[in-house]
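Notes follow the structure.
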There are 2 protein chains.
Amino acid sequence: MAAVGIKDVARLAGVSVGTVSNVLNRPDRVSADTVARVRAAIDELGFVRNDAARQLRVGHSSTVGLVVLDVGNPFFAELARGAEDAADAVGHSVILGNSDENVAREAAYLDLFEEQRVRGVLISPIGDVTSRLQKLREHGTRAVLVDRSGEGTGVSSVSVDDVAGGYLAVQHLLSLGRRRIAYLGAQFEIRQVTDRLEGARRAVAEVPGAALEVVTAEGLTVVHGRAAGQQLVRRPASERPDAVFAANDLLAVGLLQALVMTGDVRVPADIALVGYDDIDFASAAVVPLTSVRQPARLLGETAIGILLDEAADPELAARDVVFTPELVVRASTVDG
Amino acid sequence: MAAVGIKDVARLAGVSVGTVSNVLNRPDRVSADTVARVRAAIDELGFVRNDAARQLRVGHSSTVGLVVLDVGNPFFAELARGAEDAADAVGHSVILGNSDENVAREAAYLDLFEEQRVRGVLISPIGDVTSRLQKLREHGTRAVLVDRSGEGTGVSSVSVDDVAGGYLAVQHLLSLGRRRIAYLGAQFEIRQVTDRLEGARRAVAEVPGAALEVVTAEGLTVVHGRAAGQQLVRRPASERPDAVFAANDLLAVGLLQALVMTGDVRVPADIALVGYDDIDFASAAVVPLTSVRQPARLLGETAIGILLDEAADPELAARDVVFTPELVVRASTVDG
DNA sequence: GTGGCGGATTGAATCGTTTCACCACTGTAC
DNA sequence: GTACAGTGGTGAAACGATTCAATCCGCCAC
């Protein structure tokens with residue numbers, strides 16, 4: 001109803017509009033009692049700054065767009081939290097878009113963000129967006145890839161080293177004395193899945209007498225993990241691995257269910273188990289799951305940092321920051 | 001770099017800015033070949049409409065804000081999807097804020113949305129926001145509560161009937177011949193928890209010879225469910241319930257783990273089990289879980305509908321839409 | 001008394017779009 | 001030949017903030 005503008009505030013406070021604007025943006029250039037008077041007028045009228053007008057004048061907004069593959073995924077939820085906190089600390093806000101692994105939705109969000117003249121875009125891409133991002137940049141909007149390496153595309157990125165994660169997991173198993181390691185994976189066309197395997201290979205290669213077997217599941221979910229587990233159980237005990245590294249926690253949880261159900265195989269005594277992602281359910285599993293955790297929050301914070309740096313100085317060269325994941329040890333590998 | 005404006009497009013296409021604007025917004029009022037010429041100019045220059053300027057002129061944006069308690073929660077993720085799809089269908093977009101059950105974050109998002117002059121706000125509130133929403137309305141921004149009844153606050157709402165959900169769950173158990181029902185809950189200060197219990201009570205009251213026992217856990221997570229399950233198992237078989245209705249799926253999954261682990265109690269033969277929320281893990285549990293599903297997506301769609309109706313006609317009276325949840329039957333209650 | 005200095009304040013120009021009253025042109029009816 | 005309706009197009013005003021050159025004012029130094 002009201003439609004209170006800066007003009008109304010100025011009139012009530014008995015100052016000019018320029019002064020009100022100064023109170024809002026650079027209070028230090030205004031005398032103390034004028035500030036007080038203007039603030040009082042703002043409160044009385046319930047004035048709220050019209051961000052569109054501000055943005056029109058200054059040329060860009062103070063929001064950054066974030067497009068993730070799946071908000072429901074705790075990894076991205078945590079990443080978003082990190083981004084929000086970092087943005088908040090410097091007076092920016094984050095608007096979140098969920099592409100849901102759908103190229104059209106992803107494109108729609110990029111269009112929206114461009115119309116909104118966001119300060120920049122953080123994106124975990126599904127399609128091949130590099131040309132789109134390049135175009136964005138020509139129009140003055142910077143972008144940072146998250147959870148995906150930029151690999152010389154000229155776009156900055158923050159990602160996690162999956163090879164290191166796989167290495168970490170298997171090295172842990174080897175350090176416990178296990179030697180017959182199995183890698184349980186699926187959908188090997190996904191980079192993450194093969195990178196983790198590569199890390200596992202490297203760890204095994206360092207220890208004489210250690211062997212790595214690759215077990216392929218039908219998919220990356222609990223059900224598929226359970227199916228794989230049932231197969232393992234059917235083998236004669238001597239042919240079973242003494243440790244399994246699963247490509248993600250869902251597979252690991254399914255596998256665990258199968259092992260525990262039969263009662264024949266003890267975890268970790270007979271088979272030690274490591275998952276990946278450290279989802280909530282990892283710690284809540286029947287046997288709490290050792291898992292590799294990605295520094296999701298840090299990823300988000302760092303991405304915002306890079307983005308705002310680049311927005312401030314467009315000449316800055318692209319950076320690629322790679323984080324190392326962390327092993328969270330629980331009962332599925334170490335009795336406790 | 002370019003900073004292409006509608007003016008540049010107009011110049012290149014050899015028309016006036018007004019015409020370009022018409023091409024953008026009401027192409028039917030412009031002759032076909034002019035449209036084509038303008039479109040070509042737009043493509044050539046890579047023109048993208050500046051939403052801030054548009055918004056400044058028309059007085060409001062075409063985005064709506066959505067504040068949820070926890071984006072990580074699949075219920076809210078699904079609700080957001082519904083809202084986005086519905087908004088998209090009428091040319092609006094949704095920007096998502098995650099309050100994370102934090103009053104300060106919630107307030108910050110409301111401030112942000114107000115500055116942005118969003119078309120309206122959808123909110124699943126944590127604090128007592130009615131006075132804040134009232135103020136928003138005075139400034140011309142409508143709000144709709146989601147997953148929370150408006151109860152005569154003058155604010156519209158869409159919610160799910162938890163009493164009906166509880167009734168549904170227990171009626172199902174009773175129809176299977178179970179008579180010694182237990183309700184496993186925690187944190188009874190949460191309305192949802194007590195409403196579901198109330199529904200359970202009503203169902204039990206309708207069947208002579210049926211009894212309802214309330215079991216209190218320490219919290220609403222898997223770990224707490226498992227603890228409660230261990231207690232149940234310790235009872236003599238004759239004193240155990242023959243069915244359990246858990247206040248949510250996490251509790252149910254924990255309970256299930258405890259029952260299955262001991263091997264002493266068969267599910268559903270000895271104890272049938274119903275959860276609530278139908279989270280992904282419900283169907284992936286060792287014994288797939290019967291659960292009560294909330295129409296999250298529909299909630300989001302409906303909320304957007306109400307919001308945009310009200311935005312179009314501010315005189316509209318507040319509406320309170322209550323949905324009925326749905327029972328998803330799986331192996332934890334019915335063998336097969 | 002004058003000049004100069006510096007901090008506080010002013011007010012008009014500006015951002016890029018939409019909107020709307022108005023104009024030009026074409027064809028048609030009389 | 002004139003009037004009229006209908007189409008397609010024009011261009012300037014308006015939206016509400018920010019910015020910056022200009023002004024004002026008080027005070028001090030000489």
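Throughout, protein chains are lettered first and strands after them, A, B, ... in sequence-line order, and every chain is numbered starting at 1.
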Sorted by first residue and then second, give each side-chain hydrogen bond (donor to acceptor under 3.5 Å, both in side chains) pair with at least one member in residues 70-80 of chain B; sequence neighbours left out. B:Glu78-B:Arg297
Looking only at side-chain atoms of [X], point me to the closest of [options].
{"X": "A:Arg54", "options": "D:dC15, D:dT18, D:dT10", "result": "D:dT18"}
{"X": "B:Ser16", "options": "C:dT17, C:dT9, D:dT10", "result": "D:dT10"}
{"X": "B:Arg49", "options": "C:dT17, D:dG8, D:dT19", "result": "C:dT17"}
{"X": "B:Leu56", "options": "D:dG16, C:dT19, D:dT18", "result": "D:dG16"}
{"X": "B:Val58", "options": "D:dT10, C:dT18, D:dG16", "result": "C:dT18"}
{"X": "B:Ser21", "options": "C:dT19, C:dT17, C:dT9", "result": "C:dT19"}
{"X": "B:Thr34", "options": "D:dT10, C:dT17, D:dG8", "result": "D:dG8"}
{"X": "A:Ile6", "options": "D:dT10, D:dA17, C:dA8", "result": "D:dA17"}
{"X": "A:Ser31", "options": "C:dT9, D:dA12, D:dT18", "result": "C:dT9"}

Would one find a side-chain N or O of B:Arg117 under 4.0 angstrom from OP1 or OP2 of D:dG16? no
Considering just the side-chain nitrogens and oxygens of A:Thr19, establish if one lies under 4.0 Å of OP1 or OP2 belonging to C:dA8. no
Interatomic distance, [X] [atom1] vs [N] [atom2] [rounded to whole Å]:
{"X": "A:Asn50", "N": "C:dT17", "atom1": "CG", "atom2": "P", "answer": "17 Å"}
{"X": "A:Asp8", "N": "D:dA17", "atom1": "CG", "atom2": "C1'", "answer": "13 Å"}
{"X": "A:Gln116", "N": "C:dT17", "atom1": "CD", "atom2": "P", "answer": "14 Å"}
{"X": "A:Arg11", "N": "D:dG16", "atom1": "CZ", "atom2": "P", "answer": "12 Å"}
{"X": "A:Asn22", "N": "D:dT19", "atom1": "CG", "atom2": "P", "answer": "9 Å"}
{"X": "A:Arg57", "N": "D:dT19", "atom1": "CZ", "atom2": "C1'", "answer": "5 Å"}
{"X": "B:Arg37", "N": "D:dG9", "atom1": "CZ", "atom2": "C1'", "answer": "11 Å"}
{"X": "A:Phe47", "N": "D:dG16", "atom1": "CZ", "atom2": "C1'", "answer": "9 Å"}

At what angle, to 10 degrees, do the two end axes of the helix from C:dG1-D:dC30 to C:dC30-D:dG1 meet, given five pairs define each axis? 60°
Taking for each residue the nucleotide of DNA chain D with the nearest heavy atom, is it B:Ala53 or B:Gly14 whose nucleotide lies nearer the 5' end? B:Gly14
Just checking, is any N or O donor in the side chain of B:Thr63 or B:Gln116 under 3.5 Å from an acceptor N or O on the other one? no
Within the 3.5 Å criterion, strictly below it, is a donor on A:Ser159 or A:Ser157 matched to an acceptor on the partner's side chain? no
Mind checking if [X] touches a base, just sugar-phosphate, or nothing, with heavy atoms under 4.0 Å?
{"X": "A:Val30", "result": "sugar-phosphate"}
{"X": "B:Gly5", "result": "sugar-phosphate"}
{"X": "B:Asn25", "result": "sugar-phosphate"}

With side chains defined as the heavy atoms from C-beta onward, is the minimum distance between A:Phe76 and A:Leu69 less than 4.5 Å? yes
Is any side-chain heavy atom of A:Leu110 less than 4.5 Å from a side-chain heavy atom of A:Arg132? yes
Set out, line by line, the N/O atom pairs under 3.5 Å between protein and nucleotides 22-26 of chain D.
none

Quick one: does any side-chain atom of A:Gln294 pair with a main-chain N or O of A:Val160 as donor and acceptor, under 3.5 Å? no
Select from A:Val17 and B:Val20 the residue whose nearest nucleotide in DNA chain C is closer to the 5' end of that strand. A:Val17
Is it true that atom [atom1] of [X] has more than 12 heavy atoms of other residues, nucleotides or ligands lying nearer than 6.0 Å?
{"X": "A:Asp280", "atom1": "CG", "result": "no"}
{"X": "A:Asn102", "atom1": "CG", "result": "yes"}
{"X": "A:Arg191", "atom1": "CZ", "result": "yes"}

Can you give me the closest heavy-atom contact between B:Ser156 and B:Ala317, atom names plus distance? OG-O, 4.5 Å
What's the verdict on salt bridge (charged side-chain N to carboxylate O under 4.0 Å, His left out) for B:Glu84 and A:Arg105, showing C-alpha distance, side-chain angles and the deciding distance? CA-CA 10 Å; B:Glu84 284 173 12; A:Arg105 287 174 61 92; 2.2 Å; yes
